[in-house]
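FYI, the numbering just counts along the sequence from 1.
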Amino acid sequence: MPHSNNEIATFLSGIHPYDSFTPNALTALSQRCTVQRFAAGDPIYTCGTPLAGLYVILSGDVNVEDANGVQLSHLGSRNSFGERGLLRDGLAVTTAQAASDCRLIQLPADLFTELLHTDPGFARFFDRSRGTAPEISDLSTTSVADLMAANPKSCTPDTPISQAALKMREHRISSLAVIQGEILVGIVTLRDLTYKALAEGLPADTPVADIMRADPVSLPETALGSDVLATMLERHIGHLPVTRGDSIVGMVTQTDLTRYQALSSAHLVADVSDALDAEELAKITARIPQMLVQLVGAGNAHQVVTRLITDVGDAVTRRLLQLAEAKLGPAPVPYLWLACGSQGRREQTGVSDQDNCLILDDRITAADMGYFEKLAGFVSDGLDTCGYVYCPGDMMATNPQWCQPLAVWKQYFTGWIEKPDPKAQMLASVMFDLRPIGGTLALFDNLQEETLRMAAKNSIFVAHMASNSLKHTPPLGLLRGFATIRSGEHKNTLDLKHNGVVPVVDLGRLYALQGKLTTPNTRARLQAAAAAGILSPSGSRDLLDAYDLIAQTRLEHQAAQIKAGEAPDNFLPPARLSDFERSHLRDAFVVVRTMQSAIGHGRAMLG
């Protein structure tokens, strides 16, 4: 096993971020490192004590525990640990113990700090807080891969023009790539068929080679949208192949550029306002997946992407309410349609069901209820048509339990808080995420504030909420870092919803209760909790970083699926992640588990 400086350098050269170091830099680094041996059971460091440096495991296994003795991870060769303490104040925030005889490379604390300030790649790997906010999407920053149609339809040079025309009509496209073997040799467009073949009266069996544009200009996958636009304008062309070597991998058209520039939440919301029925709305919401791809591909933060997607969902809901009133007539009494769940928190992604309810004016009569049953059915059915599928738990306004006068809703909240059994606590959790969408907003005035105030005073209810926040745990395994799903359709994947973002959502809801914070958005709750002193500054930074990484990974996974022509979901195979990504995702899960552990041990202040 490695023991000399040269062997340390060789070992580190195969691990990110050291694999980006020059040989001379690796040699210099290795000369300042030491190799330490620990026998099974030996402590490496203890939580709260000064850290001597960063550790990289050469051989053996290490157990890492939080301040309460809860095991966070079981690490093996090539894994690093200790960086969180070094990034804070130099004191260990976990406890590390040798699980077997092990050998560790130790980078001294001063070397670690020096590299943070002198090597951007090292800093990005170990200190996520140094990331900068992404710019808003435009063509100048958008990859051509996010614009093109992948795997474009093609034909051979000897294909008759009549067959080429039929193929274009069949697939509703305006061009075909002409390939010889694997090599792109030309492109034929509808314009060629019209201006050359039809205008000149060429026979139907004329080969496309006679009318195609031979050796067409193309761009590589690394090109940007601005390159596409400039090339099209300069060459007066409307179709541009994207190539990898001599092979075509995609096609970009002027229509793609127009669609990209029009594909924003503002455009979709404007289109929603003109839709005449649920079917027209469904055509608009069908564009949301591509909007997600575009937003993620341009580097927008997850909270921006989910907010814009939710804005479309809100607009669709309000339009359905308008259409319902147009069909049913004016409502007999004021009402308010509210969203809960991910829409209520403004956190909708490419996979969202509907969670909603109705608050009715207390002047309602039994005879009026039929109107709201029809309204709820119209809107809920319309949302399902638009891809917001019915809630599996029947948390919808079509359920009479969730279509009630304001006085009944107040009784619900009071009952759930005063008698917090598991079901009541679950229902209260959902209702803390309520957000008005359409109707008379005054019906929600002070309701949330009064409920939070009442709930925060009930220690038993708070204890139930704390217990609930621990039900969903990050997928940390004792071996190899992750605990994947063991069987079924999603075997060997990570559930980035229930074991990724939901644990943080539950923590955010608990902090909102403790601080009587009214915002339903998870990230805003974490920030407000820090401002209110519920979370310490260091604890809030760690948890925000962890949440951002998990939520961003989830969106990037969904965007990749959409680009591949698959339906988006929340199940990520860890094998698709690089060592870099696995390392950071594991660290993020560790942070969340640490915060849950603090809740479990009754500590309100986390840090």
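- Between the D42 side chain and the A98 main chain, no donor and acceptor come within less than 3.5 Å of each other.
- Once rounded to the nearest 0.5 Å, the distance linking CG of D548 with NE2 of H302 reads 3.5 Å.
- Within the 4.5 Å cutoff, the side chain of L295 has no heavy atoms near those of the V304 side chain.
- In this structure, R453 and K516 approach most closely via the heavy-atom pair CA-CD, 3.8 Å.
- In this structure a side-chain-to-backbone donor-acceptor pair under 3.5 Å is missing from H490 to F571.
- Panel note: side chain W337, backbone G439; no donor-acceptor pair is recorded below 3.5 Å.
- Rounding to the nearest 0.5 Å gives a distance of 5.0 Å between SG of C102 and CD1 of I44.
- Summarising the geometry, atom CD1 belonging to I562 is positioned 4.5 Å from atom CG belonging to L292; distances are rounded to the nearest 0.5 Å.
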Next on the checklist: Could you walk me through whether Q354 and S380 satisfy the side chain to side chain donor-acceptor pair (under 3.5 Å) test, starting with their C-alpha distance in whole Å, then the side-chain angles of each, then the deciding distance to 0.1 Å, before giving a yes or no?
Outcome noted: CA-CA 8 Å; Q354 55 176 290; S380 185; 2.9 Å; yes
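- Residues V592 and L543 have side chains in contact (heavy-atom distance under 4.5 Å, counting atoms from C-beta outward).
- Looking at H557, its side chain never comes within 3.5 Å of a backbone N or O of N570 through a donor-acceptor pair.
- Salt bridge annotation for K471-D506: absent, with no cationic side-chain nitrogen under 4.0 angstrom from a carboxylate oxygen.
- Using a 4.5 Å heavy-atom cutoff, the side chains of V501 and T522 are not in contact.
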Checklist entry - What's the verdict on side-chain contact (heavy atoms from CB on, under 4.5 Å) for R307 and D311, showing C-alpha distance, side-chain angles and the deciding distance? => result CA-CA 6 Å; R307 172 61 185 267; D311 286 348; 3.2 Å; yes
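- When the shell of 6.0 Å around CD of E566 is examined, it contains more than 12 heavy atoms from other residues, nucleotides or ligands.
- To the nearest 0.5 Å, atoms CG (D362) and CG (L360) are separated by 9.0 Å.
- Checking side-chain atoms of Q348 against main-chain N and O of S342 turns up no donor-acceptor pair under 3.5 Å.
- Using cut-offs of 30° and 60° for the angle between ring planes, the F589 and F482 rings count as perpendicular.
- When every heavy atom of T484 is checked against every heavy atom of P574, the shortest pair comes out as CG2-CG, 3.7 Å.
- For the pair S540 (side chain) and P537 (backbone), a donor-acceptor distance under 3.5 Å is present.
- L427 has its side chain within reach of K423: a pair of non-hydrogen atoms, C-beta onward, lies under 4.5 Å apart.
- Between R541 and D545 there is no salt bridge, since no side-chain nitrogen of the basic residue lies less than 4.0 Å from a carboxylate oxygen of the acidic one.
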Next on the checklist: One pair to check against side-chain contact (heavy atoms from CB on, under 4.5 Å): L321 and V379. What are the steps and the verdict?
Outcome noted: CA-CA 6 Å; L321 287 168; V379 176; 3.7 Å; yes
Item to check | Intermediate values then yes/no, side-chain contact (heavy atoms from CB on, under 4.5 Å), L336 and L441 | outcome: CA-CA 6 Å; L336 180 62; L441 298 180; 3.9 Å; yes
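- Note on ring orientation: taking the six-membered ring where Trp is involved, the planes of F122 and F126 are tilted (angle from 30° to 60°).
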Item to check | side chain to side chain donor-acceptor pair (under 3.5 Å) evaluation trace for D381 with Y390 | outcome: CA-CA 8 Å; D381 289 346; Y390 300 120; 2.7 Å; yes
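- Ring geometry for Y412 against W402 counts as perpendicular: the plane angle is over 60°, on a 0 to 90° scale with 30° as the lower cut.
- Shown here for E83 and F112, the closest heavy-atom pair between the two residues is CB-CZ, 4.0 Å.
- A distance of 11.0 Å separates OH of Y335 from CG of L443, quoted to the nearest 0.5 Å.
- No donor-acceptor pair closer than 3.5 Å links the side chain of S469 to the backbone N or O of L510.
- At least one donor-acceptor pair under 3.5 Å links the side chain of T113 to the backbone N or O of A109.
- Remark: side-chain polar atoms of Q558 are not paired, donor with acceptor, to backbone N or O of R554 under 3.5 angstrom.
- Looking at every heavy atom in both residues, P568 comes nearest to Q561 through CA-OE1, 3.3 Å.
- The closest side-chain heavy-atom distance from V590 to V64 is not below 4.5 Å.
- Here the shortest heavy-atom pairing between A315 and V272 reads O-CG1, 3.4 Å.
- Counting only heavy atoms from C-beta outward, the side chains of V62 and L104 approach each other to under 4.5 Å.
- For the atom pair CG of N79 and CZ of R582, the computed distance is 10.0 Å after rounding to the nearest 0.5 Å.
- In this structure a side-chain-to-backbone donor-acceptor pair under 3.5 Å is present from S100 to D61.
- Looking only at side-chain heavy atoms (C-beta outward), C47 and T94 stay at 4.5 Å or farther from each other.
- Of the candidates N356, D314, T310, Q343 forms a side-chain hydrogen bond (donor to acceptor under 3.5 Å, both in side chains) with just one, namely D314.
- We find that D433 and R525 are joined by a salt bridge, their nearest charged nitrogen and carboxylate oxygen being less than 4.0 Å apart.
- Using a 4.5 Å heavy-atom cutoff, the side chains of V591 and D587 are not in contact.
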Checklist entry - Between L585 and I550, is a side-chain contact (heavy atoms from CB on, under 4.5 Å) present by the stated rule, with each step listed? => result CA-CA 7 Å; L585 189 58; I550 296 167; 4.1 Å; yes
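- Of the options L577, D495, T493, a side chain to side chain contact (heavy atoms under 4.5 Å, CB included) to L572 is made by L577 and by none of the others.
- Contact detail for R523 and N521: the closest heavy-atom pair is N-OD1, 3.1 Å.
- Ionic pairing of K497 and D569 is not present here: no N-O contact between side-chain nitrogen and carboxylate oxygen is shorter than 4.0 angstrom.
- Remark: I460 CD1 is loosely packed, at most 12 non-hydrogen atoms of other residues, nucleotides or ligands lying under 6.0 Å away.
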